[in-house]
Amino acid sequence: MDQISQLPDPILQHILFFLPAKDAAQTSVLSKTWLKVWNLLPVFTFDFHNDLSLWKLLSTEKEESEQADIRDAFLSIIDGSLINLRMQKAKIEKFRLSLKLSYLKNASCIDEWIRLATNNCIKELDVHITRHYEEDWYSLPGSTFKSLIALRLGGFKLEWPLIVDHINLTKLRELSLTDAFLEERIILEICSCCPAIEDLSLIRCQGVKDVLISDLPKLVKLTLHQPNEITREYRSIRIQAVKLQSLYYRGCNSELKFDVTTFKLLKELSITFEQITDLMVENLVSELPLLEKLELNFCFKLRRLKFSSCILRQLTFRSGKSLVELCIDTPNLLHFEYGARKLPVIFSMTTSSLQESCVNLMPIDHLGTSWFQNLKEDLTRFEQLNLLILSIDSTTNTFIVEELNGTSSCPLSVVKHVKIQQVMESLNFETLLDGLLWTCHPETLSVVRIWEHNENFIQFLMEKLMERETVPVCCESRRIKCWRHYLKEIEVESSTRRYGDPSSSSQVSTICFKLTW
């Protein structure tokens, strides 16, 4: 008769505190009683990622001794948070740490933190070390990783052999290595010893020349970013993953070394690769029968994109160069995003199901009356454009009503929202506003408050929009009336949001004018 299981839960839980982590976890399969006790163990999440108060303190000018005190206080917080783990059994769902190697007098404390976390049945380990010098690499300490489901490392050196008795990753489903140093045989070892991996990321990994990814029968998502330096390019990339559904590739100046058309189950494809050609894209769309999402970034050789697909749901094109021609027949496309200097000269879209659309233009040439006319004509190709973003690097602009060849009225625009990312101080704000609001009548006009020039433009908008005449008399003798004759009401809102990771200190503030026509 099992009399131990009849003991009260607090006593059973106390027993687990004295067992090794592995044995404590195994008790959960003995009976429903032990499973319940196991589930009653305290569960912790430790997150020391980009501590905002620390970064703020260290970014200000302080004496070296005072900065050292701040760093020591931050490290004490980590020690204090983990010290109880030395005395009790607990389940750690997630341990996340991001710091600079220069903060530490002795890097061995990282070993201790990782061991403490991994000895307590941790599920997710996320550690990123920023190196002070190019040659500074931090080696992964030996520890028990048997319960890990997700492992994310940055700034580490993974030395061969990686998988030994004290490092076992058979349950690992997600592995991300960023700015790491590893060799080809490490990748082979990972593939052979981590059969459960579903999500693999190799981002700017050094030491690798030939990449072979195979023996991962459950791999469905792969992120592969080559190092930025030309001297660190991969010589070859071979991927064997028959169940792959998502591929995110970022390459440099070398030729594309792998054939994604072998991935017949691929649904999402993102390519950042300047050497890809129009023909390659056309072949991708035609030969990937399940492709629903296609993203093309900084593909400078693309000039004429022409393809058709009844499967494609999302299409994104972002580049410093504009397409000459874009002709797509995608009747089931739901989301479309285009970002370049200007819209293509030849622009044809068959997208009867389009729900979201965004055009991000970055003009650098003079913005004259003809530019606004062409923009208005291009925008009418959309039944509705959800967002028009303008990042204006032009330094001069003009808008002369007498040069317009349009009708005397200014009909409501298909553009729903307009966002100004950047304006140059040398621009004539008056003619920019006149040209923009002649081109479209958006529901909102917002300006991002990043650049000093933008603040001047915001102040100008405040004055012109809020202090407009109720009954304008500016265009009594003109055939074409300006925006002042159509604008009925204005509301102003200000908002701030974090940029990128939720824990990031970077913030974007925006002023928004709600316009009623």
To the nearest 0.5 Å, how far apart are [atom1] in [X] and [atom2] in [Y]?
| X | Y | atom1 | atom2 | answer |
| --- | --- | --- | --- | --- |
| K264 | L244 | NZ | CG | 13.5 Å |
| Q422 | D393 | CD | CG | 5.0 Å |
| C512 | E443 | SG | CD | 10.5 Å |

Do the side chains of [X] and [Y] get close enough for a salt bridge, i.e. N-O under 4.0 angstrom?
| X | Y | result |
| --- | --- | --- |
| D365 | R341 | no |
| R152 | E174 | yes |
| R304 | E325 | yes |

Would you mind telling me which of E268, K221, H225 makes a side chain to side chain donor-acceptor pair (under 3.5 Å) with Y248?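 Per the side chain to side chain donor-acceptor pair (under 3.5 Å) rule, the option paired with Y248 is E268, out of E268, K221, H225.
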
What heavy-atom pair brings [X] and [Y] nearest, and what distance separates the two atoms?
| X | Y | value |
| --- | --- | --- |
| L177 | C205 | O-SG, 3.5 Å |
| S353 | L334 | O-CD2, 3.4 Å |
| F300 | S319 | CD2-OG, 3.4 Å |
| L294 | V285 | CD2-CG2, 3.9 Å |
| A196 | T170 | CB-O, 3.6 Å |

Assign the ring pair F382 / F336 to parallel, tilted or perpendicular, where the plane angle (0 to 90°) is split at 30° and 60°.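 Plane angle between 30° and 60°, so tilted.
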
Is there a donor-acceptor pair under 3.5 Å between the side chain of [X] and the backbone N or O of [Y]?
| X | Y | answer |
| --- | --- | --- |
| S214 | Q240 | no |
| N454 | V448 | yes |
| N332 | C310 | yes |

Donor-acceptor pair between Q275 and K301 side chains, under 3.5 angstrom: yes

Answer with yes or no whether the side chains of T316 and E295 bring together a donor and an acceptor at under 3.5 Å.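 No pair is found: no donor N or O on one side chain lies under 3.5 Å from an acceptor on the other.
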
Tell me, yes or no, whether the heavy-atom count around K243 atom NZ, taken from other residues, nucleotides or ligands under 6.0 Å, exceeds 12. no

